[in-house]
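Each remark here refers to the structure printed beneath this line.
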Amino acid sequence: MYDRTIAELSSALSRRECSSVELTQATLAAIEQASGLNAFITITAEQALAEAEAADARRADGEAGPLTGVPIAHKDIFCTEGVRTSCGSRMLDTFVPPYDAFVVEQLRAAGAVMVGKTNMDEFAMGSSNETSWYGPARNPWDPTTVPGGSSGGSAAAVAARLVPAATGTDTGGSIRQPAALTGISGLKPTYGRISRYGMIAFASSLDQAGPMATTAEDLALMLGAMAGFDERDSTCVDQSVPNYHGLLAEHGLKGLRIGLPREYFNTEGVDPEVASAIETAVAAMEAAGAQLKEISLPNTELAVPVYYVIAPAEASSNLSRFDGVRYGHRCSDPVDLEDLYKRSRGEGFGEEVKRRIMVGTYALSAGYYDAYYLKAQQVRRMIRDDFARAFDEVDVIAGPTAPTTAFGLGAKADDPVQMYLSDIFTIAVNLAGLPALSIPAGFGGGKPIGLQLIGNYFDEARLLGAAHGYQQITDWHMQRPSLEG
Amino acid sequence: MSIDAAEVAKIAHLARLAVTEADGETHARNLSSILAFVERLSEVDTSGVEPLAHPLEMTQRLRRDVVSEVDQRERFQALAPATADGHYLVPRVIE
């Protein structure tokens, strides 16, 4: 029963076919059985059952919304009052936040039941979930491969149908790339669409929270609950939240103008199986009434270099708060204040995090600022302007989410630049602040392939409608891995 | 731009990160390859292009300069590794 979509569970709950307590118990048992995936860092069984009981009471009182009583999981980057929030790092291994993140508050208010906190790359820095202090989460389609990252635990949990939906965050592709690699749907909303209050910061001009689920319909239900204005995040945008779920049918594929950037197709480094699946997907959308148009995003190749200046620079500043004094890991027996800072941070952070802090420190240091950070911000504008020109002619932009299917554990661990290139199609979207989603669009060698759709600012409803339209004519999103042992 | 172990030590000091000598070599190699990778930005003609700091080019909201938080010192200090009498404890700074 537990392994259904939110829409299905919601209607089962409202027809009293099961209670939220029963559903939550089944979910917790499934998570336990799939512990080999290492999808969760913390399981909150007791709290979940209490929340489920409260949800059942709400339903009995006739006060239920679509998410009331539905089990979900939160990426361990969102602060949860009274529940350890590690961000995948030894630095925060014992950190128990004194407050809830906005997203956590919103989903709780909607009645969703949190069953646990999911695994992730340390401080969201990674594309494979291998930088987690708690060990890598595994891809349910093939446990010898990675689930992608950084929201790898959320992706693995949803792909294995342990929970119908989970939260994620996306700074350079951290929702969309793992969604693609595990065969689920994931949405990165417009920058500022969802308050980041209580979401541990990585790169503040890029970070955005979003939902991960099996269908576009469920993404719409989740986004409707997660989005909203909150004055505690000075970068979130005060715009009304449309009824994303209600608008699904209004924005179909018929008449949709889809741009196909020539830089995303026939590109070196894209698996032939990925390229052919995306071409088939696009052809199916055309057959359903969409209009295809070749476009150009000429600065595509520069997105990854720009990102690897801007994101580390912002990270080096954001992560300076971890000082061993106020919260987080503190080294033992520091001899002086400098020793306290250096060893607490040296012991608390893993290699990839240290690497990025150092790249950022270097890029921002005197004498290098103009050559790196300022230059990267200039090229960032050029990349954004490419998209603005494209959206004069088309409604959405389509292409592969990731250049390959899931790669093996350890395959790219020793080569940071190769790892960074797995985000080549997702990163530009964060630089421009646009919304984009990834949906399942086929298989290569038995491993899922993701189709990315990029939309204009605050055009999530159109993106979700297009994805929903595609899922009405295909069944890739319904394929599920067979779990053994 | 190539970075050597001595340079890594300097950057690590600026970032207040303890890095062992052995790790210093690995970091030097990785940082060099990352910097070589981003180096291609220097070839791009950006004359006359305004730097973009915020994707939506919005300015941050301001609020009135009044107290908006209640005092929760005890709650927050409960998270700290070492406190006494409402203070955070660090090694002696002034002799």
Side-chain angles (χ1 to χ4, degrees), chain A residues 95-96 98 190-192 205-206 231 234-235 237 302 304-306 308-309 316 320 323-327 330 334-343 345-347 349 351 354-355 357-359 361-362 365 371-372 374-382 384 416-417 420 430-434 457, chain B residues 1 3 7-8 10-20 23 26-31 33-63 68 72 75-83 88-93:
Chain A
F95 174 61
V96 178
T190 308
Y191 180 77
S205 77
L206 303 163
E231 63 183 17
S234 65
T235 62
V237 179
L302 298 171
V304 184
V306 167
Y308 279 98
V309 173
S316 74
S320 65
D323 56 5
V325 175
R326 291 159 302 161
Y327 55 94
R330 182 188 184 105
V335 296
D336 57 23
L337 191 57
E338 191 171 300
D339 184 45
L340 167 67
Y341 291 151
K342 286 186 171 175
R343 279 200 294 127
R345 292 163 60 79
E347 293 165 9
F349 294 137
E351 292 311 303
K354 284 186 216 174
R355 195 180 291 151
I357 289 175
M358 285 196 279
V359 170
T361 302
Y362 181 80
S365 61
Y372 288 102
L374 211 63
K375 186 82 180 177
Q377 285 189 315
Q378 287 176 306
V379 182
R380 181 176 185 178
R381 179 179 298 277
M382 293 163 64
R384 195 203 59 162
V417 171
Y420 298 170
N430 299 78
L431 294 171
L434 295 164
Y457 297 106
Chain B
M1 180 62 77
I3 299 273
E7 195 115 24
V8 166
K10 216 165 79 189
I11 301 167
H13 170 69
L14 288 174
R16 298 297 185 271
L17 281 174
V19 172
T20 64
D23 287 346
T26 317
H27 281 302
R29 206 172 51 244
N30 283 326
L31 293 191
S33 81
I34 294 167
L35 291 174
F37 175 67
V38 304
E39 193 60 39
R40 58 189 304 185
L41 294 179
S42 67
E43 295 154 23
V44 183
D45 180 9
T46 53
S47 44
V49 180
E50 274 292 302
L52 180 71
H54 186 297
L56 305 178
E57 292 199 277
M58 300 178 80
T59 46
Q60 298 218 332
R61 278 187 313 282
L62 299 176
R63 62 167 175 83
S68 60
Q72 303 186 66
R75 212 156 151 238
F76 293 149
Q77 288 202 331
L79 304 168
T83 57
Y88 291 97
L89 297 187
V90 295
R92 182 177 291 276
V93 183

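Chain letters run A, B, ... following the sequence lines, proteins first and then strands; every chain starts at 1.
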Closest non-hydrogen atom pair between B:Pro81 and A:Val325, with its separation: CD-O, 3.2 Å
Proximity breakdown for A:Val237 and chain B, heavy-atom pairs closer than 4.5 Å: side chain
Residue, of B:Val44, B:Val93, B:Leu14, that accumulates the most heavy atom pairs under 4.5 Å with chain A: B:Val44
In short, A:Ala432 meets B:Pro55 closest at the heavy-atom pair O-CB, 3.6 Å
Counting heavy-atom pairs under 4.5 Å to chain A, which of B:Thr26, B:Thr20, B:Val38, B:Thr59 comes out on top? B:Val38
Between CD of B:Glu39 and OH of A:Tyr372, what distance do you get to the nearest 0.5 Å? 5.0 Å
Under 4.5 Å from any heavy atom of chain A, what part of B:Glu7 do you find: side chain, backbone, both or neither? side chain
Among the listed options B:Val8, B:Leu41, B:Ile11, the residue most often paired with chain A at heavy-atom distances under 4.5 Å: B:Leu41
Heavy-atom contact with chain B under 4.5 Å, split by part of A:Arg380: both
Measure distances from B:Glu57 to the heavy atoms of chain A and classify the residue's part below 4.5 Å as side chain, backbone, both or neither. side chain
Distance-minimising heavy-atom pair for B:Leu17 and A:Gly346: CD2-N, 4.3 Å
Rounded at 0.5 Å granularity, tell me how far CZ in B:Arg61 sits from OG1 in A:Thr235. 8.0 Å
Applying a strict 4.5 Å limit to non-hydrogen atoms, the region of A:Leu340 in contact with chain B is side chain
Atom group of B:Val90 that falls short of 4.5 Å from chain A, counting heavy atoms: both
Within the supplied structure, the quantity of interest is the number of heavy atoms (other residues, nucleotides, ligands) at a distance under 6.0 Å from B:Arg92 CZ; does it exceed 12? no
May I ask you to name which of A:Pro98, A:Pro305, A:Gly324, A:Ser316 has the most heavy-atom pairs under 4.5 Å with chain B? A:Pro305
Chain B contact via A:Leu431 - which portion, at a heavy-atom distance below 4.5 Å: backbone
A:Met382, A:Arg345, A:Arg381, A:Met358: which one forms the most heavy-atom pairs within less than 4.5 Å of chain B? A:Arg381
With respect to chain B, which residue among A:Ser205, A:Ala376, A:Ser234 yields the maximal number of heavy-atom pairs within a distance under 4.5 Å? A:Ser234
Could you grab the distance from atom CZ of B:Arg16 to atom CG of A:Asp339, nearest 0.5 Å is fine? 12.0 Å
What residue, out of A:Thr190, A:Asp336, A:Leu434, A:Ile357, has the most heavy-atom pairs lying under 4.5 Å from chain B? A:Asp336
Check the pair B:Phe76, A:Arg326 against side chain to side chain contact (heavy atoms under 4.5 Å, CB included), reporting the backbone distance first and the verdict last. CA-CA 8 Å; B:Phe76 293 149; A:Arg326 291 159 302 161; over 6 Å; no
dist A:Tyr362:OH -> B:Ile3:CD1 (nearest 0.5 Å) comes out at 4.0 Å
At a 4.5 Å cut-off on heavy atoms, which part of A:Tyr457 comes close to chain B: side chain, backbone, both, or neither? side chain
So which of A:Tyr191, A:Phe95, A:Tyr341, A:Tyr327 has the largest heavy-atom pair count under 4.5 angstrom toward chain B? A:Tyr191
To the nearest 0.5 Å, what is the distance between CD on A:Glu231 and CZ on B:Arg63? 9.0 Å
Working to the nearest 0.5 angstrom, can you tell me the gap between A:Arg355 CZ and B:Asp23 CG? 10.5 Å
Options B:Pro51, B:Ala78, B:Ala82, B:Ser42, ranked by heavy-atom pairs under 4.5 Å with chain A, top entry: B:Pro51
Could you look at A:Glu351 and say if it's the side chain, the backbone, both or neither that has a heavy atom under 4.5 Å from chain B? both
What part of B:Thr46 is in contact with chain A, defined as an atom under 4.5 angstrom from a non-hydrogen atom: side chain, backbone, both or neither? both
